[in-house]
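Computed from a predicted structure; not experimentally measured. So you know, we letter chains A, B, ... as the sequences are listed, proteins then strands, and number each from 1.
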Amino acid sequence: MRIATWNVNSVKSRLDRLVEWLQTAQPDVVALQELKCASADFPEMPVQVLGYEVAAHGDGRWNGVALLSRVGLSDVVRDLPGQPAYDGSIEPRAVGATCGGARVWSVYVPNGREPDHDHYNYKLKWFGVLRDTVAMEMAASPDLPYAVIGDFNVAPEDSDVWDISLFAQSTHVTPAERAALEDLRATGLADVMPRALKGEPYTFWDYRDGAFHKGMGMRIDLVYANSAFTSRVTDAYVDREARKGTGPSDHAPVVVDLDL
DNA sequence: ATGCCCTATGATATAGGA
């Protein structure tokens, strides 16, 4: 089975590239983030004709996540149980489903904006609820291959950003955010590290400053999986090709192959 | 030396991204 996660930065704006990528990469399960459209507006037909079932969860201008699967899609859950609100609303940032013998969550963790911003506390609280959800579900089915994949908006290690000295006052690398990741791993998940291509493990490059061509990237799109999942992994890589050319997302897909 | 982006929206600016 081939499973992938990709922050597409608007599924409608990215539709042509998404369809082309599905045809080329041939993933069985795909987690999408930043749909930037309502569930009802998700362009399902172009994806369905390629054989995928769709579980989309979006409410409009921002956020939005989805799971695509051509190996079954059942027990769909939208939002984390007890997911915290921001500014009075539960944002569409998580969708879970069982696909081809694995339980998978597509997550778009809040950005945090600035360390002293309300959004930062929201981010940490959101991670705590994600951890609780993972612990609960894995306790119910300990032998089920299980993976939380998506845009975590945290670089786990200093080597996951191009120049850590530029992140002194920034989110994405603070001890509290990394501790939240560690708490999540402590439920029994491990970071499935993609092969470094061109010596870089990055999954995101800002549109600004020619960041992609200068190697100014970050690894913030992660695959966190339990041992039933990781023991079956045969390969993992970042599809840098998807960041090239005309009209790319600012994130590249992370692809994982496994014997399942 | 400095700035160089992209998306969606009741839009001709703004918020958000990270």
Side-chain angles (χ1 to χ4, degrees), chain A residues 5-18 21 31-43 56-66 85-94 106-124 126-127 149-178 180-181 200-222 238 240 242-254:
Chain A
T5 180
W6 193 11
N7 178 324
V8 289
N9 186 18
S10 167
V11 70
K12 285 199 249 182
S13 174
R14 214 67 56 212
L15 183 59
D16 288 350
R17 290 198 57 140
L18 173 63
W21 184 79
L32 301 176
Q33 300 86 36
E34 282 211 80
L35 301 181
K36 294 186 172 179
C37 75
S39 302
D41 295 331
F42 188 99
H57 183 32
D59 66 6
R61 184 172 187 182
W62 291 303
N63 310 308
V65 288
Y86 184 74
D87 200 19
S89 71
I90 306 294
E91 299 173 320
R93 292 179 176 277
S106 173
V107 298
Y108 177 48
V109 177
N111 172 293
R113 299 183 188 165
E114 309 291 340
D116 60 356
H117 198 287
D118 281 348
H119 211 259
Y120 181 82
N121 291 324
Y122 167 54
K123 181 179 192 174
L124 297 178
W126 205 95
F127 263 120
I149 64 180
D151 181 351
F152 284 63
N153 270 318
V154 181
E157 306 289 341
D158 287 359
S159 56
D160 292 318
V161 300
W162 80 96
D163 184 352
I164 191 63
S165 72
L166 301 177
F167 287 76
Q169 304 300 324
S170 301
T171 57
H172 293 63
V173 299
T174 67
E177 290 167 278
R178 287 175 170 171
L181 277 187
E200 300 175 349
Y202 310 139
T203 64
F204 162 84
W205 298 263
D206 201 300
Y207 287 123
R208 289 167 286 196
D209 304 326
F212 180 63
H213 302 287
K214 297 177 187 172
M216 295 156 56
M218 305 170 70
R219 186 174 75 98
I220 55 176
D221 300 273
L222 308 176
V238 181
R240 291 179 89 262
R243 183 63 179 80
K244 299 179 181 177
T246 305
S249 169
D250 42 4
H251 295 249
V254 180

Q) OP1, OP2 of B:dC6 versus side-chain N and O of A:N9: anything below 4.0 Å? A) no
Q: Kindly say whether A:N9 contributes a backbone atom to a donor-acceptor pair with the side chain of A:R14 at under 3.5 angstrom?
A: yes
Q: Look at all strands and tell whether A:S13 reaches a base, only sugar-phosphate, or nothing, counting heavy atoms closer than 4.0 Å.
A: sugar-phosphate
Q | A:L181 side chain near A:L222 side chain, heavy-atom distance below 4.5 Å | A | yes
Q: Round to the nearest Å and state the distance from A:Y122 atom OH to B:dA18 atom C1'.
A: 16 Å
(Q) What is the separation between atom CG on A:D250 and atom C1' on B:dC4, rounded to the nearest whole Å? (A) 16 Å
Q) Think A:Y108 has a side-chain N or O under 4.0 angstrom from the OP1 or OP2 of B:dA18? A) yes
Q: Check the distance between B:dC4's P and A:H213's NE2 and give it to me in whole angstrom.
A: 17 Å
Q. For A:H119 and B:dA18, is the shortest distance between a side-chain N/O and OP1 or OP2 below 4.0 Å?
A. no
Q | Gap in Å between the two P atoms, one belonging to B:dC4 and one to B:dT9, rounded | A | 26 Å
Q.
Would you say A:R113 places a side-chain N or O within less than 4.0 Å of OP1 or OP2 belonging to B:dG17?
A. yes
(Q) Measuring only the P atom in each nucleotide, how far is B:dC5 from B:dG10? A whole number of Å is fine. (A) 25 Å
Q: For nucleotides B:dG3 and B:dT7, find the distance between their P atoms and express it as a whole number of Å.
A: 23 Å
Q: Using whole Å, report how far CG of A:D209 lies from P of B:dA1.
A: 17 Å
Q | Check: A:S106/A:Q33 side-chain N/O donor and acceptor closer than 3.5 Å | A | yes
Q: Report the distance from atom OH of A:Y207 to atom P of B:dA8, rounded to the nearest whole Å.
A: 10 Å
Q: Look at A:R14 and B:dT7 and indicate whether a side-chain polar atom (N or O) is within less than 4.0 Å of OP1 or OP2.
A: yes
Q) Can you check whether A:D250's main-chain N or O pairs, donor with acceptor, with A:Y207's side chain at less than 3.5 Å? A) yes
**Q.** First of A:I220 and A:P248 reached from the 5' end of DNA chain B, by closest nucleotide
**A.** A:P248
Q: Would you tell me whether A:S10 and A:E34 have side-chain atoms, one donor and one acceptor, within less than 3.5 Å of each other?
A: no
Q: Check for a donor-acceptor pair, side chain of A:H251 on one end and backbone N or O of A:N7 on the other, with a separation under 3.5 Å.
A: no
Q: Mind calculating the distance between CZ (A:R219) and P (B:dA18) to the nearest angstrom?
A: 16 Å
Q) Which is true for A:D151 with a 4.0 Å heavy-atom rule: it touches a base, it touches only sugar-phosphate, or it touches nothing? A) sugar-phosphate
**Q.** P spacing across the pair B:dA18 / B:dC6, given as an integer number of angstrom
**A.** 15 Å
Q | Gap between atoms CZ and C1', on A:F167 and B:dA18 respectively (whole Å) | A | 8 Å
(Q) When the C1' atoms of B:dT12 and B:dG17 are compared, how many Å lie between them, rounded to an integer? (A) 22 Å
Q) What is the nucleic acid contact for A:N7, judged by heavy atoms within less than 4.0 Å: base, sugar-phosphate only, or nothing? A) sugar-phosphate
**Q.** Closest to side chain of A:E34, choosing from B:dG17, B:dG16, B:dA8
**A.** B:dG17
(Q) Regarding A:K214, tell me which of base, sugar-phosphate or nothing describes its non-hydrogen contacts under 4.0 Å with the strands shown. (A) base
(Q) Quick check for you: among B:dA18, B:dT14, B:dG16, whose closest atom lies nearest to any side-chain atom of A:R61? (A) B:dT14
Q. Whole-Å distance between B:dA15 C1' and A:H117 NE2?
A. 11 Å
